[in-house]
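First up is the structure itself, then whatever we jot down about it.
Worth saying up front: this structure is predicted, and the values here are computed from it rather than measured. Side-chain atoms are counted along with the backbone in the values below, which use heavy atoms only and exclude waters and symmetry mates.
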Amino acid sequence: MKIILDTLHAEKSRNPRFLVELIAEIRPRKSSNFEEAQDNFRFLIRLLRENPEYVPALRAYLEEVVARKKQIRLYTELGISSNDGFFSEAFNKISHELLPPVMEGKELMVIVDLAFTRSDDYKWFRSIPYEDWCTLFELLKLRPLSLVNIENDILQQVLNSILVVSQRITAIGLEREIIEKLPELEEFESPFLAQNKEVRDFLECFQEEGFDRSADNPDYKHILVMLQQCLTYTNEIRRNKNRFGASLKLTNLMIRLNQNIARIQRLLRLVIQQENKTPFEEEVNLLRELVRAENKKHSLREFFQENISLLAFQVTENAGNTGEHYITTTRKEYWKMLLSASGGGVIVGFLTIFKVLLYYLRVAPFGQAFLYSLNYSTGFILIHLTHSTLATKQPAMTATSIARSLEVEDSEESVQNLASLIVKVIRTQFIAFIGNVLVAFPVAYLLAAAYYAATGEPIAGEEKALHMVHELHPWHSLALFHAAITGVYLFLAGVISGYYDNKSVYNHVPDRLKKHPLLRKILPSRILLRLSNYIRFNLGSLAGNFFFGFFLGFTALAGFLLGLPLDIRHITFSSGNFGIALFTLGDALSTEIILASCLGIAGIGFMNFIVSFGLAMAVAIKSRQVHFSNTRGLIRKLWKLFLTHPHDFFFPPKVPRQAETQMNEPGNTAGAKGQAQLKTSRQREPANSKT
């Protein structure tokens with residue numbers, strides 16, 4: 001570090017590499033070693049104090065290398081998403097990571113890019129205290145930007161940057177996606193337009209002698225009010241996401257708008273004199289923000305987190321509101337779920353028979369996969385249309401309800417309520433398993449018997465039946481692995497359901513159906529109204545069931561083409577297959593094999609549920625940006641409930657427990673929000689299928 005300062009003092013060099021090397025000297029060996037970074041920074045301060053001749057040399061160097069560089073792009077672009085769109089920007093980040101772009105040498109961004117090359121430099125940089133920065137700036141005889149003369153180069157570039165950012169806020173506020181969601185912006189004076197006018201007037205007056213730079217300046221205050229109104233409108237879109245829906249483009253616009261508003265507020269605070277502020281506090285805050293933005297500018301992970309979180313939130317919320325997902329509380333609801341699951345078991349029993357018949361058609365692999373897919377999809381849609389239940393069908397509403405309850409404070413009461421909600425989820429899935437399995441097995445068995453009585457031959461030959469039994473063995477086959485694959489598909493089906501429900505809301509599909517010229521000609525208005533209302537509440541469910549069927553049907557073909565052991569196992573279909581195999585093999589099956597098959601069916605059901613529920617839970621928590629810290633307390637509470645009331649995990653108590661009663665109280669935010677949402681879903685679509 002001393003060598004660098006000696007060189008600057010002796011040669012009066014203006015080479016930017018010396019600044020890069022100086023920052024490298026301050027950088028610790030590990031970015032997490034904050035003490036080393038602080039010690040290195042204080043060593044620089046000590047060198048300047050002990051060698052006063054270094055001070056003017058370093059000041060002159062910084063004025064030449066930093067102050068006279070072009071800075072507008074640094075303030076208006078770094079840390080702010082571009083308007084290229086989601087996929088274009090994602091591609092640009094990948095290409096820039098592989099082949100970094102070339103920037104003009106006169107840009108200050110070049111020096112920032114060269115100086116902070118590590119992806120975690122911002123960690124040690126932000127650990128340097130304000131007091132040390134103030135000491136350094138005072139040694140160099142620098143002044144806060146709010147106190148410098150109007151002719152100062154950095155001040156002029158900051159003022160120009162404020163105008164650029166203001167114009168971008170106006171442009172985003174006039175985008176069609178924003179105006180469509182907020183039509184009142186066309187009827188009244190838009191704050192997106194008004195703030196730009198106020199900013200231009202403010203900057204013109206700023207150049208005048210004697211201008212009031214204090215935070216009490218009424219023009220400055222009015223700009224802040226306009227910017228706050230812009231934020232209010234963006235929050236309005238977020239709060240009404242169930243009414244507006246979401247898309248990647250809208251999400252990108254909202255992110256860019258918030259980033260630009262935050263940046264202009266930051267730049268305005270730089271040039272305004274504020275009381276009770278540490279000297280150079282705003283300058284240091286801006287430096288920290290820019291260094292972090294530099295480190296993260298090519299980060300795909302952060303880019304996806306920013307853009308996907310709102311869309312994922314909307315998808316999971318819509319998936320939770322399709323009416324497909326259900327949590328039973330009372331015994332009446334519990335038995336209703338059993339009846340609904342029994343209906344699903346009947347349909348699956350027929351589907352297993354149809355699948356065996358399709359197998360014996362001996363068509364080409366692609367044709368067979370396509371026929372299997374149609375069989376699955378048709379059956380799943382029929383289950384939905386008959387308001388039946390398929391066990392383990394992606395429980396997105398249960399995951400979303402739990403994620404809602406995690407948003408509240410980690411108090412003992414909230415943990416108790418959350419534990420009770422999980423118990424309800426477990427027993428609801430349990431009774432759905434029972435209804436599916438106990439009905440699908442005998443239905444498939446009886447249909448196989450009827451086929452034999454009609455044709456004189458078993459529907460599944462001995463070789464096929466043995467293979468069906470082997471596929472259920474929990475450790476002699478890949479049944480549990482294949483069940484996990486099915487769990488992933490169950491999760492994806494729930495995501496697709498939410499995606500299409502969100503698409504329906506965002507694109508106003510039901511309203512467009514009502515006004516479709518061809519449909520208005522061929523359908524009576526009453527029928528068209530019922531169709532549009534049905535699509536409003538069922539499009540996601542129909543799409544999710546359709547795609548789920550094709551996922552299941554084409555997995556084995558994909559495994560065959562890739563040479564991988566890929567297949568699917570679902571608890572309800574497995575019980576139906578076992579019923580067909582048992583009829584064919586009869587006494588040939590030993591008690592040991594029968595028990596192993598039953599154990600395999602139970603394991604398949606467990607893997608179906610735990611994988612699909614776990615993935616849905618992870619997405620719901622991630623999209624809500626929830627941080628739940630009392631996991632141990634939750635596990636202890638669940639274990640205590642299992643020891644004291646084990647039957648509650650499988651059968652609802654006659655009188656609800658105290659925690660369940662609390663969850664249904666209107667004032668309880670941990671459970672009332674999810675229950676209220678559930679009740680709304682039931683009222684809106686009382687006959688939907690429940691999963």
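- The shortest non-hydrogen separation linking Leu539 to Tyr500 is CD2-O, 3.8 Å.
- Side-chain atoms of Asn217 come within 3.5 Å of backbone atoms of Asp219 as a donor-acceptor pair (strictly under, hydrogens ignored).
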Original post:
Given Thr76 and Asn160, is the side chain to side chain contact (heavy atoms under 4.5 Å, CB included) satisfied, shown in steps?
Top reply: CA-CA 10 Å; Thr76 62; Asn160 289 334; over 6 Å; no
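- In this structure, the side chains of Asp113 and Glu294 come closer than 4.5 Å at one or more pairs of heavy atoms.
- Scanning both residues, Lys514 and Ser532, for their nearest heavy atoms gives CE-OG, 3.2 Å.
- Looking at Arg143, its side chain does come within 3.5 Å of a backbone N or O of Leu147 through a donor-acceptor pair.
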Original post:
Please walk me through it: do Met226 and Val199 pass side chain to side chain contact (heavy atoms under 4.5 Å, CB included)?
Top reply: CA-CA 10 Å; Met226 290 294 100; Val199 166; over 6 Å; no
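- Two rings, from Phe211 and Phe202, have their centers less than 6.0 Å apart.
- Between the side chain of Arg59 and the backbone N or O of Lys141 there is at least one donor-acceptor pair closer than 3.5 Å.
- A donor-acceptor contact shorter than 3.5 Å is absent between the side chain of Asn538 and the backbone of Ser541.
- Residues Phe34 and Arg126 form no side-chain contact, since every pair of their non-hydrogen atoms from C-beta on lies 4.5 Å or further apart.
- Going from atom CD1 of Ile535 over to atom CG of Asp501 covers 10.5 Å, rounded to the nearest 0.5 Å.
- A donor-acceptor pair is defined here as one N or O able to donate and one able to accept, closer than 3.5 Å; no such pair exists between the side chain of Ser166 and the backbone of Ile162.
- The CG atom of Asp120 lies 11.5 Å from the CZ atom of Arg292; values are rounded to the nearest 0.5 Å.
- No donor-acceptor contact under 3.5 angstrom links the side chains of Asn295 and Ser119, judged on distance only.
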Subject >> Evaluation steps, side chain to side chain contact (heavy atoms under 4.5 Å, CB included), between Val165 and Glu77 >> reply: CA-CA 9 Å; Val165 176; Glu77 295 182 13; over 6 Å; no
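- Using a 4.5 Å heavy-atom cutoff, the side chains of Leu286 and Leu267 are in contact.
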**OP:** Please report the C-alpha distance between Glu107 and Lys69 in whole Å, then the side-chain angles of each, then the deciding distance to 0.1 Å, and finally whether the salt bridge (Lys or Arg N to Asp or Glu O under 4.0 Å) criterion is met.
**Re:** CA-CA 6 Å; Glu107 291 283 350; Lys69 291 285 185 181; over 6 Å; no
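- Side-chain atoms of Glu198 never come within 3.5 Å of backbone atoms of Ile223 as a donor-acceptor pair (strictly under, hydrogens ignored).
- Distance check, rounded to the nearest 0.5 Å: OH of Tyr233 to OG of Ser190 gives 7.5 Å.
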Subject >> Audit row: Gln71, Tyr75, side chain to side chain donor-acceptor pair (under 3.5 Å) steps and yes/no >> reply: CA-CA 7 Å; Gln71 301 173 25; Tyr75 302 139; 2.5 Å; yes
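- With respect to the salt-bridge test (charged N to carboxylate O, under 4.0 angstrom), the residues Arg200 and Glu204 do not qualify.
- The closest side-chain heavy-atom distance from Thr117 to Arg27 is below 4.5 Å.
- The only member of Asp511, Leu531, Leu513 that meets side-chain contact (heavy atoms from CB on, under 4.5 Å) when paired with Arg536 is Asp511.
- For the atom pair Ile150 CD1 and Phe206 CZ, the distance stands at 5.0 Å (nearest 0.5 Å).
- Aromatic ring pairs are classed by plane angle as parallel below 30°, tilted from 30° to 60° and perpendicular above 60°; the pair Phe116 and Phe125 is perpendicular.
- For the pairing with Val225, the side-chain contact (heavy atoms from CB on, under 4.5 Å) check across Lys221, Gln228, Gln229 returns one residue only, Gln229.
- Side-chain atoms of Asp132 never come within 3.5 Å of backbone atoms of Ile128 as a donor-acceptor pair (strictly under, hydrogens ignored).
- Within 6.0 Å of CD in Gln207 there are more than 12 heavy atoms belonging to other residues, nucleotides or ligands.
- For the pair Leu136 and Leu140, the minimum side-chain heavy-atom distance is below 4.5 Å.
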Subject >> Criterion side chain to side chain contact (heavy atoms under 4.5 Å, CB included) on Ile72 and Val158, from CA distance to verdict >> reply: CA-CA 7 Å; Ile72 293 179; Val158 169; over 6 Å; no
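- With rounding to the nearest 0.5 Å, the separation of CG in Leu290 from CZ in Arg288 is 12.5 Å.
- Asn152 places a side-chain N or O within donor-acceptor distance of the main-chain N or O of Ile154, the cut-off being under 3.5 Å.
- Pairing each heavy atom of Ser81 with each of Gln259, the nearest pair is N-OE1, 2.7 Å.
- Smallest separation of non-hydrogen atoms from Ala115 and Asp121: O-OD2, 4.3 Å.
- Here the side chain of Gln38 pairs a donor or acceptor atom with the backbone of Ser127 at under 3.5 angstrom.
- Looking only at side-chain heavy atoms (C-beta outward), Gln195 and Ile261 stay at 4.5 Å or farther from each other.
- The OG atom of Ser161 sits 8.5 Å away from the CG atom of Leu74 when rounded to the nearest 0.5 Å.
- Using a 4.5 Å heavy-atom threshold, the side chains of Leu492 and Leu615 count as separate.
- The existence of a salt bridge linking Asp201 and Lys197 is confirmed by a sub-4.0 Å separation between a basic side-chain nitrogen and an acidic carboxylate oxygen.
- Between Arg263 and Glu289 there is a side-chain heavy-atom pair separated by less than 4.5 Å.
- A donor atom on one side chain and an acceptor atom on the other are found under 3.5 Å apart for Ser214 and Asp212.
- Closest approach of Arg213 and Val271 over heavy atoms only: CD-O, 4.0 Å.
- In this structure, Thr170 and Leu193 approach most closely via the heavy-atom pair CG2-CD2, 3.5 Å.
- Note: Phe280 and Tyr130 fail the aromatic proximity criterion, with ring centroids not under 6.0 Å apart.
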